[in-house]
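One structure is given below, encoded as structure tokens.
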Amino acid sequence: MIKIILGDITHSPADVIVNAANSALRGGGGVDGAIHRAAGPIIVEECKAWVKENGELPTGRAMFTSAGKLPHKGIIHTVGPVWEDGIANEDQLLAECYINALHIAFEKGFDSIAFPNISTGVYGFPKKDAADVAICTVQNFLGSRKEQLKVTFVCFDQENFDIYKSFLGED
Ligand code: AR6
């Protein structure tokens, strides 16, 4: 099941929320900043320990931490591609963010997951193209699994919300 809402992902009631992080996993602005502020410093410590052991998180990959002070069952951090005019495999890398995050959610047996609009802020991915990749990837992935997972796309800005609504035929 796919839902779209307009709002702040830290307020989403999903089991697990996804963070649009950077490879160093040190926090940042945008949704990354909002999640780190709400979850507290324990998340930075978990991320630091993970990077020490595994190295930086490559673009398109995902890793899991606790949710710190947030009420969720965890946070999945993924690194979206920086938009480089479509010449750097950005579509594929963005699709991998969604796929790898969904894999973790299934592996951990969660019932619901909330995604932000990965890469559409500082990383500059055109919003319509990113929504197309996000929706198609999630629909294909859910269609290939027997287990149910509720997926919410949390749009923070009206433009993304309108794009998602029109793609999902909800207007
Ligand atoms: N809840 C949901 N979505 C949000 C929130 C929020 N609280 N705040 C912003 N957004 P961005 P990126 C939306 O820039 O483009 C960070 O500094 C925002 O409107 O957060 O993947 C990281 O550390 C936009 O649609 O992430 C990286 O360095 C979407 O989240 C870099 O930015 C993504 O915007 C990652 O860039």
Side-chain angles (χ1 to χ4, degrees), residues 2-48 50-51 55-65 67-72 74-86 88-102 105 112-135 137-138 150-168:
I2 295 181
K3 245 178 71 176
I4 39 175
I5 61 163
L6 180 64
D8 180 338
I9 200 164
T10 62
H11 298 149
S12 159
D15 281 349
V16 65
I17 58 172
V18 177
N19 182 20
N22 54 63
S23 288
L25 296 175
R26 287 294 177 92
V31 68
D32 197 7
I35 289 176
H36 275 277
R37 269 193 306 279
I42 181 80
I43 306 305
V44 176
E45 293 310 315
E46 286 183 44
C47 287
K48 260 193 210 162
W50 191 92
V51 169
E56 293 202 334
L57 184 66
T59 304
R61 303 286 294 277
M63 57 80 74
F64 181 81
T65 66
K69 292 190 286 177
L70 280 167
H72 306 90
I75 301 169
I76 296 171
H77 305 259
T78 188
V79 183
V82 176
W83 180 254
E84 292 179 49
D85 289 330
N89 211 17
E90 293 97 319
D91 281 11
Q92 179 60 33
L93 289 165
L94 185 61
E96 284 172 18
C97 290
Y98 287 91
I99 291 168
N100 286 320
L102 289 168
S112 54
I113 182 170
F115 283 101
N117 307 134
I118 301 166
S119 283
T120 66
V122 178
Y123 282 0
F125 208 116
K127 290 179 179 176
K128 273 191 184 158
D129 297 337
D132 195 16
V133 169
I135 293 167
T137 304
V138 169
K150 281 181 228 127
V151 176
T152 303
F153 291 111
V154 181
C155 304
F156 195 63
D157 56 275
Q158 188 69 43
E159 191 187 349
N160 261 319
F161 186 60
D162 291 342
I163 292 169
Y164 274 75
K165 268 201 310 196
S166 73
F167 279 14
L168 287 165

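Just so you know, residue 1 is the first one in the sequence shown, and it goes up from there. Whatever order the structure lists them in is the order used to number ligands and atoms, beginning at 1.
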Return a yes/no value for Thr10: is any of its N or O atoms, backbone included, closer than 3.5 angstrom to an N or O of ligand 1? no

Could you point out which residue of Val16, Ile17, Val18 forms a side chain to side chain contact (heavy atoms under 4.5 Å, CB included) with Ile75? Ile17

Of all the atoms in ligand 1, which lie at a distance below 4.0 Å from a heavy atom belonging to Asn160? 25 (O)

Below 4.5 Å, heavy atoms only, C-beta onward: do Ser112 and Asp15 meet side chain to side chain? yes

Look up atom CZ in Phe115 and atom CG in Asn19, then write down how far apart they are to the nearest 0.5 Å. 12.0 Å

Shortest heavy-atom approach to atom 1 (N) of ligand 1 - which of Thr78, Ile17, Ile9, Ile35: Ile9

Heavy-atom nearest neighbour of atom 21 (O) of ligand 1 within options Gly29, Gly33, Ser12, Ser119: Ser119

Name the closest protein heavy atom to atom 7 (N) of ligand 1, giving the residue it belongs to and the distance to 0.1 Å. Asp8 OD1, 3.0 Å

Would you check whether Phe156 has a nitrogen or oxygen atom less than 3.5 angstrom from a nitrogen or oxygen atom of ligand 1? no

Can you pull out the closest protein heavy atom to atom 14 (O) of ligand 1? Residue, atom name and distance to 0.1 Å, please. Val122 N, 2.9 Å

Would you mind listing which atoms of ligand 1 come within a distance below 4.0 Å of any non-hydrogen atom of Ala34? 7 (N)

Do the side chains of Phe156 and Asn117 get nearer than 4.5 Å, heavy atoms only? no

So, is Pro116 polar-close to ligand 1, with some N/O to N/O distance under 3.5 Å? no

Should you measure from each heavy atom of Gly28, which atoms of ligand 1 turn up under 4.0 Å away? 17 (O), 23 (O)

Among Thr78, Asn100, Val79, which residue meets the side chain to side chain contact (heavy atoms under 4.5 Å, CB included) test with Arg61? Asn100

What protein heavy atom lies closest to atom 19 (O) of ligand 1? Include the residue and the distance to one decimal. Asp157 OD1, 3.3 Å

Atom 25 (O) of ligand 1: nearest protein contact (heavy atom, Å): Thr120 OG1, 2.8 Å

Check whether any side-chain heavy atom of Asp162 lies under 4.5 Å from a side-chain heavy atom of Ser166, and answer yes or no. no

Among all protein heavy atoms, pick the one closest to atom 29 (C) of ligand 1 and tell me residue, atom and distance. Asn117 O, 3.3 Å

To which protein heavy atom is atom 15 (O) of ligand 1 closest, and what is the distance rounded to 0.1 Å? Gly121 N, 2.8 Å

Measure the distance from atom 27 (C) of ligand 1 to every protein heavy atom, then report the residue, atom name and distance (to 0.1 Å) of the closest one. Tyr123 OH, 3.6 Å

Specify the protein heavy atom at minimum distance from atom 22 (C) of ligand 1: its residue, its atom name, and the distance to 0.1 Å. Asp32 OD2, 3.5 Å

Side chain, backbone, both or neither: which applies to Ala20 and ligand 1 if a contact is any heavy-atom pair less than 4.0 Å apart? both

Close side-chain approach of Pro81 to Asn89, heavy-atom, < 4.5 Å: no

Out of Lys127, Lys165, Lys128, which one pairs with Glu159 under the salt bridge (charged side-chain N to carboxylate O under 4.0 Å, His left out) rule? Lys127

